[in-house]
Amino acid sequence: MQNKECKPYDPKTIEAKWQKRWADEGTFEAQYPSDKPKFYGLIEFPYPSGAGLHVGHPRSNTAMDIICRKRRMEGYNVLYPIGYDAFGLPTENYAIANHIHPAKVTRDNIARFRSQLKRLGFSFDYSREVDTTDPDYYKWTQWIFLKLNEHGLAYKHEMPINWCTSCKVGLANEEVVGGVCERCGGEVVRKVKSQWMLRITEYAQKLLDGLDTVNFIDKVAIQQRNWIGRSEGAEVDFKIVGRDEKLRVFTTRPDTLFGATYMVLSPEHPLIDAYKGDIKNYGEVAEYREQAARKSDFERTEMNKDKTGVEIKGLCAVNPVNGEEIPIWISDYVLMSYGTGAIMAVPGHDTRDYEFAKTFDLPIVEVIAGGDISQEAYSDVEDGILVNSGFLNGLPVKEAKETITAWLVEKGLGEKKVNYKLRDWIFSRQRYWGEPIPMVLCDTCGAVPVPEDQLPVVLPAVEDYEPTDTGESPLAKMTDWVNTACPQCGGPAKRETDTMPNWAGSSWYFLRYCDPHNDKAFADYEKLSYWMNVDWYNGGMEHTTLHLLYSRFWHRFLYDIGLVPCPEPYQKRTSHGMVLGETGDKMSKSRGNVINPDEYVTEIGADATRMYEMFMGAFDQAIPWNPNGARGCRRFLDRVWRLMDMLNDGEGYRKALTPLMHETIRKVGDDYEAMKYNTAIAQMMTLVNEFYAADGCTKGELKTLLLLLYPVSPHICEEMWEAMGFGSGMTFEPWPEYDEDAMKRSEVEIAIQINGKVRGRIMIDPEMTREQAARELPEHQQVKALVGDRGIVKLIFVPGRNCNIIVK
RNA sequence: GUGGGCAUGGUGGAAUGGCAGACACAAAGGACUUAAAAUCCUUCGCCGCAAGGCAUGCGGGUUCAAGUCCCGCUGCCCGCACCA
């Protein structure tokens with residue numbers, strides 16, 4: 001055993017040295033063109049907040065860094081890019097509070113983020129950085145918007161929007177959480193405004209079908225499916241007595257049509273205005289509508305315990321299957337935004353209708369046998385036979401649905417219909433710090449797109465970017481900028497002053513990474529063809545119905561118009577668990593428990609910090625941060641470092657350690673791929689413990705350990721690799737291979753169970769077969785002693801594991 | 001209400017139906033040290049002196065064998081929420 005004393009492990013020096021070398025040599029710059037197979041690994045680019053990184057960021061980043069570093073060792077040309085999603089409210093709010101221009105705030109924050117990320121040693125290709133607030137970038141965000149507009153997917157619509165009273169901004173449905181603003185927690189009310197909308201609903205089916213072609217973790221795919229919310233049913237026309245007009249409803253239960261005893265319109269339904277003169281109690285109806293309009297969405301849903309409503313007197317509908325006249329009501333439990341804004345009420349078989357009928361004493365008819373409608377609605381579709389339903393009597397629900405739908409179609413009374421819960425995307429924000437929507441509003445020509453050669457529409461420098469109380473964007477006050485000429489007729493016109501939501505820039509950034517400096521196109525098709533799609537995308541669950549869905553929509557649109565080579569942007573999607581505060585609470589500024597990774601990089605080094613991020617627990621689980629756990633990882637790296645003082649003679653694996661070496665190579669590799677980083681690290685700890693027990697390690701053993709550990713803690717490995725004279729730079733060293741045969745041991749310990757209880761342990765030949773075991777084990781001395789004079793009824797042998805002997 | 005997930009030592013967590021608690025953290029004891037830190041060694045689910053027994057949220061079941069599979073509960077977390 002050699003015994004030269006190494007200098008102590010000093011992460012600070014080592015990490016700075018290797019980070020500089022990687023940067024100087026452009027080690028992680030993705031190559032194009034290249035003959036190698038490509039691998040595109042992606043993490044969600046951060047929002048560069050003023051607070052800097054917190055320990056949650058490195059969790060996702062390190063996980064993908066491990067995969068990307070392993071891929072380079074496996075011979076892939078790897079693209080692992082980074083950028084900044086820098087438009088958005090917090091920056092603007094900070095700017096307002098501190099009277100600093102948001103562009104400056106953004107620049108400073110990005111600089112800080114970049115230096116923090118670099119200190120952690122991620123193998124990002126910094127030469128491809130993107131910044132969504134850079135005009136060279138948002139030029140193309142605007143350009144894509146024009147394409148969407150050109151294809152009829154953007155439209156301006158006067159509609160009630162979710163209005164945050166605190167941010168003074170309209171929000172998408174996805175941004176209203178529990179009735180309050182997702183960002184600031186402020187009250188959200190309904191406000192009617194003319195808004196730019198994107199027709200994501202047009203893509204509902206494609207977005208649904210696309211999920212079958214990609215590899216997303218189950219919960220992500222399920223959540224997206226639920227959010228899109230496809231349901232199949234029928235639309236049915238109900239005649240209105242004495243009128244030509246019909247009232248159309250959507251139902252998923254056409255089979256219950258004979259049980260429809262009344263109808264309900266949503267408060268906003270246009271029929272009410274159309275028949276204003278015929279409604280005998282119009283005053284009462286109008287009063288109800290007004291009450292409903294005043295309520296925020298939150299209040300509406302809060303009050304869903306008690307059903308409210310008013311009968312519309314003077315109007316009456318006819319049930320098309322039995323000719324019965326049924327009353328029409330108005331109630332806010334029916335939403336204008338889903339289906340046709342009107343329903344046929346079947347109180348016998350729908351819980352909400354049942355409650356309503358009970359409240360207002362309306363008739364309840366049983367048309368599906370199997371429940372007890374005197375107690376509750378019976379809504380089971382699995383079993384149940386039609387009754388009181390004329391020609392449907394005796395049919396099971398499923399068949400009744402088909403029969404009645406065919407009948408409706410044949411008689412011209414209705415049709416098959418699919419509805420989605422997904423709503424169009426409200427794309428306007430009345431804010432300064434976002435991409436200007438590149439449209440001009442002309443009194444003569446309407447909304448006219450800014451010609452492509454005039455892009456980007458650059459955000460003007462504004463003195464005062466505070467939001468207005470009127471709901472107008474701060475840009476509206478910039479009259480020099482607002483007043484322009486109509487690109488179509490040349491007459492006086494005004495620029496659109498709304499900006500895009502922060503989801504715009506992130507809806508295509510992964511494309512820009514493929515060709516970040518292109519000034520002729522958002523990205524070159526050939527380059528996209530090489531790099532896309534993203535092989536592996538890791539990110540937070542909170543983006544499942546927002547960013548992840550929006551970006552799939554944009555990408556699918558770009559595919560449909562022939563600008564990108566693949567229909568789905570992401571081949572694989574995984575998700576990390578949150579890092580919680582030390583006491584298990586969610587980390588937040590208000591709780592004051594946010595942990596900055598810098599603290600740990602300084603104290604224990606980036607390598608140990610990265611390791612702890614991965615070792616702390618199952619990757620997809622939320623785990624509290626434990627400072628001592630992090631220090632434990634540093635202790636492990638100290639032990640690894642000291643192996644250099646404990647070198648044994650010989651180049652290869654020692655015989656006693658050979659099986660463990662190969663097992664470790666297999667387990668670490670498999671576990672990295674399965675994102676089971678914690679057990680991969682545990683396995684390396686076990687190996688190092690064995691080295692210590694075996695009085696050190698050989699060069700060959702150390703070499704393998706360094707290769708396995710490199711993706712998690714690259715700096716220390718590089719330094720040791722160089723010190724050991726193994727070569728210069730580990731990035732493209734081949735990933736080690738294992739040999740199944742080499743894992744075989746001469747003896748293996750198995751448990752001997754008597755009647756299912758472990759009574760002893762013996763060493764046997766690992767190759768022993770069931771037949772041999774049945775023959776030889778009962779003769780084994782220890783086994784004999786355990787069995788005693790009892791008779792062996794049965795012997796179950798599990799090779800390499802245990803042997804259960806049933807005795808009597 | 002509804003969809004999804006989870007429940008294992010003081011803590012974070014391991015465990016293709018096959019020896020529950022790997023690997024760490026914390027704690028305790030010891031060695032080294034004038035001392036401390038660092039390091040190294042030992043102990044460490046519960047009851048019991050021991051033999052042994054009991055243990056993976058609770059109650060059943062399947063199996064030679066269940067943390068793991070099935071049925072029924074309870075609790076916690078996340079998403080959605082009057083979507084006809």
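What you see is a predicted model, and the numbers here were worked out from it, not measured in a lab. Throughout, a chain's letter reflects where its sequence line sits, starting with A, and its residues are numbered from 1.
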### Message
Taking any heavy-atom pair under 4.0 Å as a contact, classify A:R225: base, sugar-phosphate, or nothing.
### Response
nothing
#### Entry: B:rG9 and B:rC25, which share atom name C1', separated by this distance in whole Å
13 Å
### Message
Using the side-chain contact (heavy atoms from CB on, under 4.5 Å) criterion, which residues pair with A:T679? Sequence neighbours excluded.
### Response
A:K667, A:D671, A:K676
### Span that lies between the C1' atom of B:rG12 and that of B:rC82, in whole angstrom
42 Å
### Task
Would you indicate whether the side-chain heavy atoms of A:I604 and A:C633 approach each other to under 4.5 Å?
no
Distances for protein N or O near nucleotides 60-65 of chain B N or O, under 3.5 Å:
from: B:rC64; atom 1: O2'; to: A:N804; atom 2: ND2; distance (Å): 3.2
from: B:rC64; atom 1: O2; to: A:N804; atom 2: ND2; distance (Å): 2.9

#### Entry: Sequence-distant partners of A:T686, side-chain contact (heavy atoms from CB on, under 4.5 Å), two or more places apart
none
### Query
If you check every side-chain atom of A:N802, which of B:rC54, B:rG18, B:rU39 has the closest atom?
B:rG18
### Electrostatic pair A:K12-A:E603, nearest N-O below 4.0 angstrom
no
### Task
May I ask you to evaluate whether A:R635 reaches the phosphate of B:rA38, defined as a side-chain N or O under 4.0 Å from OP1 or OP2?
no
### Separation between the P atoms of B:rA37 and B:rG21, rounded to whole Å
32 Å
## Note on the structure
The nucleotide from B:rC23, B:rA84, B:rC82 with an atom nearest the side chain of A:V334 is B:rA84
### Query
Does A:K307 get its side chain close enough to the base of B:rC82, under 3.5 Å, for a donor-acceptor pair?
yes
### Task
Using a 4.0 Å heavy-atom cut-off across all strands, classify A:E749 as base, sugar-phosphate, or nothing.
base
### Query
Within the structure shown, what part of the strands sits under 4.0 Å from A:R639 by heavy-atom distance: base, sugar-phosphate, or nothing?
sugar-phosphate
### Task
Calculate the interatomic distance between A:R631 atom CZ and B:rA27 atom P; express it in whole Å.
12 Å
#### Entry: Whole-Å gap separating P (B:rC23) and CG (A:L709)
18 Å
## Note on the structure
Rounded to whole Å, the NZ-C1' distance (A:K757 to B:rA20) equals 13 Å
#### Entry: Close side-chain approach of A:M684 to A:L708, heavy-atom, < 4.5 Å
yes
#### Entry: Glycosidic class, syn or anti, of B:rG9 using a 90° window around 0
syn
### Query
Heavy-atom distance under 4.5 Å between the side chains of A:M768 and A:P799, does that happen here?
no
Side-chain donor/acceptor pairs under 3.5 Å, residues 752-764 of chain A, sequence neighbours excluded:
from: A:Q753; atom 1: OE1; to: A:N802; atom 2: ND2; distance (Å): 2.7
from: A:Q753; atom 1: NE2; to: A:G756; atom 2: O; distance (Å): 3.3
from: A:N755; atom 1: OD1; to: A:V807; atom 2: N; distance (Å): 2.9

### Task
Just need the stems in RNA chain B: three or more back-to-back Watson-Crick or G-U pairs, each with both distances under 3.5 angstrom, sorted by first number.
B:1-7 with B:74-80, B:10-12 with B:23-25, B:27-31 with B:39-43, B:45-47 with B:52-54, B:57-61 with B:69-73
### Query
Salt bridge or not for A:E232 and A:R230, using N-O below 4.0 Å?
yes
### Query
Is any side-chain N of the basic residue among A:E415 and A:R248 closer than 4.0 Å to the acidic one's carboxylate O?
yes
### Query
P atom, B:rU63 versus B:rC80: distance in rounded Å?
44 Å
## Note on the structure
For nucleotides 2-14 of chain B, 5' to 3', base contacts (B), sugar-phosphate-only contacts (S) and non-contacts (-) with protein non-hydrogen atoms under 4.0 Å give -S--S-----SSS
### Message
Would you say the ring centers of A:Y677 and A:F615 fall short of 6.0 Å from each other?
### Response
no
### Query
In whole Å, what separates the C1' atom of B:rG67 from that of B:rU16?
15 Å
### Task
For nucleotides B:rG45 and B:rA24, find the distance between their P atoms and express it as a whole number of Å.
16 Å
### Query
Does any N or O in the side chain of A:Q224 come within less than 3.5 Å of the main-chain N or O of A:T544, such that one atom is a donor and the other an acceptor?
yes
### Query
When you measure from the side chain of A:Y420 to the backbone N and O of A:W227, does any donor-acceptor pair fall under 3.5 Å?
no
### Task
Using a 4.0 Å heavy-atom cut-off across all strands, classify A:S231 as base, sugar-phosphate, or nothing.
sugar-phosphate
